[in-house]
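Have a look at the structure below, then the notes.
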There are 4 protein chains.
Amino acid sequence: MNDRSETAARKIEARLPPNVAADGVRRRILEGALRLFATRGFHGTSMRDLASSIELQPSAVYVHFASKEHLLAELVRAGHEAHHEEIRTALLEAGADPVAQLRALVRAHARMHTRYPDLAIVVNTELETLSPELAAPGLALRKQSVALLVAVIERGTAMGCFSPPNTSVVAAAIGAIGLRIPHWYSPELGISPDDLAEIHVQLALRMLGTHLAKDTAP
Amino acid sequence: MNDRSETAARKIEARLPPNVAADGVRRRILEGALRLFATRGFHGTSMRDLASSIELQPSAVYVHFASKEHLLAELVRAGHEAHHEEIRTALLEAGADPVAQLRALVRAHARMHTRYPDLAIVVNTELETLSPELAAPGLALRKQSVALLVAVIERGTAMGCFSPPNTSVVAAAIGAIGLRIPHWYSPELGISPDDLAEIHVQLALRMLGTHLAKDTAP
Amino acid sequence: MNDRSETAARKIEARLPPNVAADGVRRRILEGALRLFATRGFHGTSMRDLASSIELQPSAVYVHFASKEHLLAELVRAGHEAHHEEIRTALLEAGADPVAQLRALVRAHARMHTRYPDLAIVVNTELETLSPELAAPGLALRKQSVALLVAVIERGTAMGCFSPPNTSVVAAAIGAIGLRIPHWYSPELGISPDDLAEIHVQLALRMLGTHLAKDTAP
Amino acid sequence: MNDRSETAARKIEARLPPNVAADGVRRRILEGALRLFATRGFHGTSMRDLASSIELQPSAVYVHFASKEHLLAELVRAGHEAHHEEIRTALLEAGADPVAQLRALVRAHARMHTRYPDLAIVVNTELETLSPELAAPGLALRKQSVALLVAVIERGTAMGCFSPPNTSVVAAAIGAIGLRIPHWYSPELGISPDDLAEIHVQLALRMLGTHLAKDTAP
DNA sequence: TATGAATGAGTCTTCATTCAT
DNA sequence: AATGAATGAAGACTCATTCAT
């Protein structure tokens, strides 16, 4: 039950977050891989596809990356780190109020998915494709990000700000609505990324049963 | 920002919905394909993998299916049809009350994802893998399912039952929450499938800002 | 300081010992591999070379052998086992006399190298090419074969039949003269394989300083 | 039927004979190539392997050698020339006595193989790897070396010093015994290179059936 | 209905080598 | 003299699929 054409988000150029320190050919390879992995999947993309999409010989890719899997690993690493850093920073700047924290976190989560839709798809679809060693750092960051969200919810609940029906289910739900963004959202839909983030904030607060009426009003 | 081991849902046997009229070897092939496509993806699964997982020669699979893609197509068809039929039926049995309709729809959506987690993964991950002709029926059903949800929300809103911040975003959110179930849910978590469905109903009603307080109690 | 054209022995068809239980295509593959590995070396032979030399697609080779290395391993196994079996049997049939034992052993050693020259080359050139696990059985048999020779020499020396200047050097020398056969010998040289074996027996007995004059006379 | 660990000789540093007029990087390249070609074979060694073993970029090797094959050709040339020169000189210094000549020749042959084991392996294993033009000089020298040995044997036989069962077989045997040295010999075995050479002399004289008993004493 | 052998295109990757710097 | 990036051919091997049995 997802929506719109699956390719809506593709119109947005494959974009890499700032924590990818790569330029020149290496960057073009990462961008090409990002686009193709997001579109056709890792196993659905051949090195020939990738190389020719950026007008390179397949062998030239190996000058910059040890293997197709390492290429994916770099994207997955960058995606996870950027995401985690983003929500961690948002949280730090939000102060002590659980509601403000929740707002900041959901906003950051949504923003990452509108800003880097291809990367979000690759990170979420292909993490398990990596060998355990290469997947480990991503899995660890993911766990930490969820733990942050759960902690905010639990603290807010203890302080009487939230009354979720079930903490972990709501946490999963909040995660899920952001995760799904790249599959249907496009700025051409008439909703700006900021608007979308704010709507997601609203939805999250509603799901949590926030008790500060003024905050939850549209 | 999804959680738990990604493989939690795998413990549940690969299951096919009742609208798959296949038995004997044909059924075993579909079940094996379902498990493998869900775990490793369509392109990550070879016909050899599939055949050997059910102790068959690759060539024997072609006695039952014209191609690997047709195998996927059958799974995707069955998944989409079962899902659509399920929510259509739920809606029909719910009467005319938008809140009751919403409840029925969300419940059915969640149930499909706890009952057929592998199928849900395959349907959502690999639909675009199919050729346009084979993907078309699935895309059509998907559109219809979303239209049903949107219609319920719009009617409920018009009747003053709901006050969503944005109809299509909430529709996407409701879809997303269910879609994510196979990636984290396991009955061993201490939540029964029915409990989960009810919590999802709660969350949907909260997101919609339902105005009949008594309705939101389980 | 080896002699004649290096390719003299090549005129002899690539031959497999009887302990290779393979027929049809599998046998043709082994024979082709034997000829090519002996001529160009393992790393100098591509699967394409091999396949096309027996009019097969490269992929068809994989129906019969798991890898190029397994193909080599089978040749090396067969070669070592045949050689060891041959000298073990010769020894058993030779009775208790050290001189007779030595004769039998050298004869068998020489015969294996005239009968299976390509296999001898492959076995001796490419054993170390194999991974440790695949090389281990060959190395073990080789050790046993040398041990047999050394035991015969030591027993004969203790019994006063032999007076070698140095047991292990003579053992190495006896091994060496046989090992070199495939690199220079051809029946067209006017020496029959049996003649060559007898000459090698003579040379071995002379190196050992055998004290039964009648045996060492040409 | 050769013995000891095949890698015993590897402990000896890859060494080049004095007729290799190369210093600095060019020499390091030759030494690295020598070690690797001896260990893994020419086709089993890549230019990357070679370059990285001496901490150079592959492209830097081409500053000093036109191609991988020319590198091998230089080693093969040096090996053959050094070997031939050594036995030619030994022969010249031996005087007119066939027995003394034989002694000198065998001694020189053995010494070359203890002193330059890697080079001996490369020369004997990879000569045929070279293109006919590049292999020709080596083949010519080899023929000459064998001719020298055969001439000594024939002259000694004519003079009544030797009574070999078969001249060319004994010549091949004498060659073979030396050729095999790098595959089993190590000074750590408790035999000095000089000792080994003397034992080889003994063995050669015994094979030839030398008639001057006093000559066979060391 | 299922097999085992085969195909030919395709997989990822490495090769020796070149070239601008 | 050496590098780093690139090339194009070739490497071993796997792919989905076919077909005679």
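Labels below follow one simple rule: chain letters A, B, ... track the order of the sequence lines, proteins then strands, and each chain is numbered from 1. For clarity, every value in this text was computed on a predicted model and none was experimentally measured.
- With a 4.5 Å cut-off on side-chain heavy atoms, A:L130 and A:V76 count as touching.
- Put simply, NE2 on A:H64 is 16 Å from C1' on E:dT13, counting in whole angstrom units.
- No donor-acceptor pair under 3.5 Å is formed between the side chain of C:S52 and the backbone N or O of C:E55.
- One interatomic measurement links the two molecules: OH of C:Y62 to C1' of F:dA16, which rounds to 18 Å at whole-angstrom precision.
- F:dC15 atom C1' lies 14 Å from atom CG of B:L50, rounded to whole Å.
- One can place NZ of C:K68 at 12 Å from C1' of F:dA10, the figure rounded to the nearest angstrom.
- Taking atom CG of residue B:L56 and atom C1' of nucleotide E:dG4, one finds them 13 Å apart after rounding to whole Å.
- For the pairing with D:L119, the side-chain contact (heavy atoms from CB on, under 4.5 Å) check across D:N124, D:V20, D:L34 returns one residue only, D:L34.
- Taking 4.0 angstrom as the limit, A:R48 places a side-chain polar atom (N or O) nearer than this to OP1 or OP2 of E:dT11.
- Toward the 5' end of DNA chain F, the nearer of the two residues D:P58 and C:P58, judged by each one's closest nucleotide, is D:P58.
- For C:Q57, no side-chain nitrogen or oxygen approaches OP1 or OP2 of E:dA6 to under 4.0 Å.
- Between A:V61 and B:E69, the residue anchored closer to the 5' end of DNA chain F is A:V61, taking for each the nucleotide with the nearest heavy atom.
- Shown here, F:dA20 forms a base pair with E:dT3; the pair counts as Watson-Crick or G-U wobble because both key distances fall under 3.5 Å.
- With respect to C:R35 and C:E31, no salt bridge is recorded, no charged nitrogen being found less than 4.0 Å from a carboxylate O.
- The side chain of C:H43 places no N or O atom within less than 4.0 Å of a non-bridging phosphate oxygen (OP1 or OP2) of F:dG11.
- Proximity note for B:S67 (side chain, C-beta onward) versus E:dT13, F:dC19, F:dT17: the nearest is F:dT17.
- The distance between atom CG of C:D49 and atom P of F:dA9, rounded to the nearest whole Å, is 17 Å.
- Both distances falling under 3.5 Å, in either a Watson-Crick or a G-U wobble arrangement, place E:dG8 opposite F:dC15.
- With DNA chain E read from its 5' end, the first of the two nearest nucleotides for A:F42 and B:A60 is the one closest to B:A60.
- Both B:V25 and C:R28 sit near DNA chain E, but only B:V25 has its closest nucleotide nearer the 5' end.
- A:E55 has its CD atom 17 Å from the C1' atom of F:dA5, to the nearest Å.
- Spacing between atom CD1 of C:I54 and atom C1' of E:dA5 amounts to 13 Å, rounded to whole angstrom units.
- Using a 4.0 Å heavy-atom distance criterion, C:S46 is classed as a sugar-phosphate-only contact.
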- Message: Set out, in order, the CA-CA distance, both residues' side-chain angles and the distance that settles salt bridge (Lys or Arg N to Asp or Glu O under 4.0 Å) for B:R77 and B:E74, then state yes or no.
- Response: CA-CA 5 Å; B:R77 180 206 62 78; B:E74 169 63 0; 3.1 Å; yes

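- Pair assignment for E:dT13 gives F:dA10, based on Watson-Crick or G-U wobble hydrogen-bonding distances that are each under 3.5 Å.
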